Amino acid sequence: MIKITFPDNSVREYDAGITGYDIASQISHNLAKEVVAVTVNGEVWDLQRPITNDAAIKLHKFEDPEGKHTFWHSSAHLMAGALEALYPGIKFGIGPAIENGFYYDVDPGNGTVITEADLPDIEKKIIELARLNSPYVREEIGKEDVLAYFTKKGDEYKIELINELEDGTITLYKHGNFTDLCRGPHLPDTSPIKAVKLLSLAGAYWRGDEKRKQLTRIYGITFPKKQMLDEYLNMLEQAKARDHRKIGKELELFTFSQKVGQGLPLWLPKGAMLRERLESFLRKIQVKYDYLPVITPHIGQKELYMTSGHWEKYGKDSFKPIQTPAEGEEFLLKPMNCPHHCEIYKSKPRSYKDLPIRYSEFGTVYRYEQSGELHGLTRVRGFTQDDAHIFCRPDQLKDEFKKVIDIVFAVFRAFDFQEFTTQISLRDPENKEKYIGSDENWIKAEKAIIEATEEKGMKAFVVPGEAAFYGPKLDFMVKDALGRNWQLGTIQVEYNLPERFELEYIGSDDQRHRPVMIHRAPFGSLERFVAVLIEHTGGKFPLWLTPEQVVVLPISEKYHVYAEKVLNFLNNCDIRTLIDSRNEKIGKKIRDNELKRIPYLLIVGEKEENQGTVSVRRQGKGDKGSFRLEDFKDLLKDEMNRQMEGLDN
RNA sequence: GCCUCUUUAGCUCAGCUGGUUAGAGCGGCGGUUUCGUAAACCGCAGGUCGGGGGUUCAAAUCCCCUGAGAGGCUCCA
């Protein structure tokens, strides 16, 4: 007998060799029907793998992350089996479960191209195979035999993977006629896979290496119930409706022009007003934190970037330098503001008493991004950073870092970004030559970031190898409508530029010392921030920020005079108000202005004119009743004050 | 940059395997209506079908080159 411990710490005894499935069926018939995997001593196992020793277990249904993972991993195998049936000789790369579904990288071989039109047939085949209820059979086989199998099959990708595995036994999983190299775990059989949707096709380099062959990646998702698939597809639809590219167009915030160039956003009047408001919002905070504004030009001599190291690192992948006509002097469009700011620091001698110095600038920078990477406002070739560089003494570094974290948190609070993750990016200890700067400085900088986040009580993922080439960083990431992660705020420690620009201050000991730099951008860039804000709010911006706050809707032309009076009153109170004087019925005007996501609609007709009131509708919330003009103004001011509270602490 | 797909009016889209003057809804403009909480009615004007080249008696439709967009991959100071 062995002792099995359950998550609630209860212990039961079973015969050695019992399986997770047996345990589930002894608990209840329904559980046995729904369970898909079991964690044994912290490792996820197949349900039918015998448990031979005392163990702590947890049974997983589809709803658990481990359950989904197993379900989708098995689905990837099932799809591979379907592909092999439809495309004989097809070769397989890797096929893992992902956050939402799974994919498989395949090479159909001899010039065959799989297109979206083929996906329904593949889906059909998958369902057909699933209904055979084939068991997923685990086999442990010697490496030589496995190699022989895939060599015979001619699957060079699998052979490459196997060769990198340690000698000894290797696990294979088999269902129906399909056998795959796999660590597992898997479902007991294919029967729970009831609903399948292949979502998209994409090229993906073998092993993520752009120098190697590009395989066809097929993304899909499966569910144990058809209804769950419908709900998921419905969710995707709704996410699409929040896409900032769509809403940005609808609300006339920004546009792109083929003629101006790809990745170069054009801000329309309403978008520009929104941006200005964001800028003044941050300026206000920065005044409080003693930042000093600076302004620098859009270009700088190439030598500037040779000094900074950017030319060496990014020069060959950048926009080519521009030249003066006669002398051929070379200038670069600025890709970063920091070198300019360093020169401002250098414009006069500094004392330790001057530090920290905090220079801020909404600096527009230009970077060559590969055409396939451009994406709406989130990845562009020209954008404006809410940039600042803090020059401080080493002993001030951690405190300064913490103050910046406070600013980022204030920003996120003001915009109600509750779901964000933070990542500390350190250098790759295996590839130290990728970075510039001394070992000693890197160690100091990484320590400062880690300590500052700890002291702020933050839970940050530490990711080695993700640092910038000049220093470690702390990034704040937010998810977009489609679940993609975007970096917003960033805080980076920089020992390198002070070194390269030979920045100095005179210490209390009358000696020359080197300051430390912090590079920070709470929004990241205005472009990306607006994009994420649009998706976060669905275009329903906070009242203080939205381009148009109120629209007055006269019932008919007879009330235009009164509507003008309301308009003037509100505009005089600094409330951004419009009037919809079109010759349309009130229902139509309401509909159109609701769709434009204007927060307040004021209906004025005979009754309102006689009583000096307005009939108020809040966007998305319908009729709020009648208000005296004064009271309505107070209502708005209150709402805005509440929204701005986060800023004033 | 690479793979697959898309590109038709200001916007959203229809135009089957090539066949006469390229359609619809919304929007715009003109008129009628003067109206009470998410779409009044009538009429009109908008397109060298992303651009260039080719095949054909005939191209929005087929082929080639190219621009832009989408989803990924690689990259991201």
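Chain A is the first sequence line, chain B the second, and so forth, proteins listed ahead of strands; every chain is numbered from 1. Note that the coordinates shown come from a computational prediction; the quantities given were computed from them, not determined experimentally.
- Residue A:Ser371 has a polar side-chain atom (N or O) positioned under 4.0 Å from OP1 or OP2 of B:G1.
- Between the side chain of A:Gln214 and the base of B:C2, at least one donor-acceptor pair of N or O atoms lies under 3.5 Å.
- In this model, the phosphate group of B:G71 is approached by a side-chain N or O of A:His375 to a distance below 4.0 Å at OP1 or OP2.
- Using a 4.0 Å heavy-atom criterion, one finds that A:Gly208 contacts the sugar-phosphate atoms exclusively.
- Using P as the reference atom, B:A58 and B:U48 are 23 Å apart when rounded to the nearest Å.
- B:G46 adopts a syn glycosidic conformation, its chi angle falling within 90° of 0.
- Spacing between B:U61 and B:G18 at atom C1', rounded to whole Å, works out to 6 Å.
- Residue A:Lys249 has its side chain nearest to B:C11 when only B:A40, B:U34, B:C11 are considered.
- Between A:Pro321 and A:Trp311, some side-chain heavy-atom pair lies under the 4.5 Å cut-off.
- Separating the C1' atom of B:G31 from that of B:C49 is a span of 32 Å, rounded to the nearest Å.
- Both cation-pi conditions hold for A:Arg217 and A:Tyr103: the charged atom is under 6.0 angstrom from the six-membered ring centre and inside a 45 degree cone around its axis.
- Spacing between B:G72 and B:G30 at atom C1', rounded to whole Å, works out to 49 Å.
- Within the nucleic acid shown, A:Ser615 comes within 4.0 Å of at least one base atom, counting heavy atoms only.
- Judged purely by distance below 3.5 Å, without hydrogens or angles, the side chains of A:Asn441 and A:Asn496 never pair a donor atom with an acceptor atom.
- If you check every strand for non-hydrogen atoms under 4.0 Å, A:Glu606 touches a base.
- With the nearest nucleotide of RNA chain B identified for both A:Tyr219 and A:Lys607, A:Lys607 has the one nearer the 5' end.
- The NE2 atom of A:His244 sits 13 Å away from the C1' atom of B:A70 (whole-angstrom rounding).
- Not a single donor-acceptor pair, N or O on each side, falls under 3.5 Å between the base of B:A68 and the side chain of A:Gln262.
- Donor-acceptor pairing under 3.5 Å, judged by distance alone, is absent between the side chain of A:Gln258 and the base of B:G51.
- For a distance-only test at 3.5 Å, the side chain of A:Tyr205 qualifies as a donor-acceptor partner of the base of B:G1.
- Side-chain contact check for A:Tyr368 and A:Asp317: no donor-acceptor pair (N or O, by modelled atom type) lies under 3.5 Å.
- Within 4.0 Å of A:Glu584, counting heavy atoms only, lies at least one base atom of the nucleic acid.
- When distances are taken from the side chain of A:Val113 to each of B:A38, B:U4, B:A40, the shortest belongs to B:U4.
- The residue A:Gln619 sits apart from the nucleic acid: no heavy atom pair falls under 4.0 Å.
- With both ends at atom P, the span from B:G15 to B:C57 equals 29 Å, rounded to whole Å.
- Residue side chain A:Ser200 does not reach the base of B:U4 through any donor-acceptor N/O pair under 3.5 Å, judged by distance alone.
- Nucleotides B:G27 and B:C11 have their C1' atoms positioned 7 Å apart, rounded to a whole Å.
- Comparing B:U34, B:A40, B:A77 against the side chain of A:Pro335 picks out B:A77 as the nearest.
- Across B:C44 and B:A39, the matching P atoms stand 26 Å from one another, rounded to whole Å.
- Regarding contacts with the backbone of B:U34, every side-chain N or O of A:Arg582 stays at 4.0 angstrom or more from both OP1 and OP2.
- Rounded to whole Å, the P atom of B:C64 lies 14 Å from the corresponding atom of B:C3.
- Geometric assessment of A:Arg358 against the ring of A:Phe391 yields a negative cation-pi assignment under the 6.0 Å and 45° thresholds.
- Proximity note for A:Arg379 (side chain, C-beta onward) versus B:C75, B:U37, B:A40: the nearest is B:C75.
- Applying the 4.0 Å criterion to OP1 and OP2 of B:A70, one finds that A:Arg245 has a side-chain N or O inside that range.
- A:Thr296 and A:Glu361 form a side-chain donor-acceptor contact under 3.5 Å, judged by distance and modelled atom types alone.
- Comparing atom distances between the A:His310 side chain and each of B:A77, B:A40, B:G36 picks out B:A77 as nearest.
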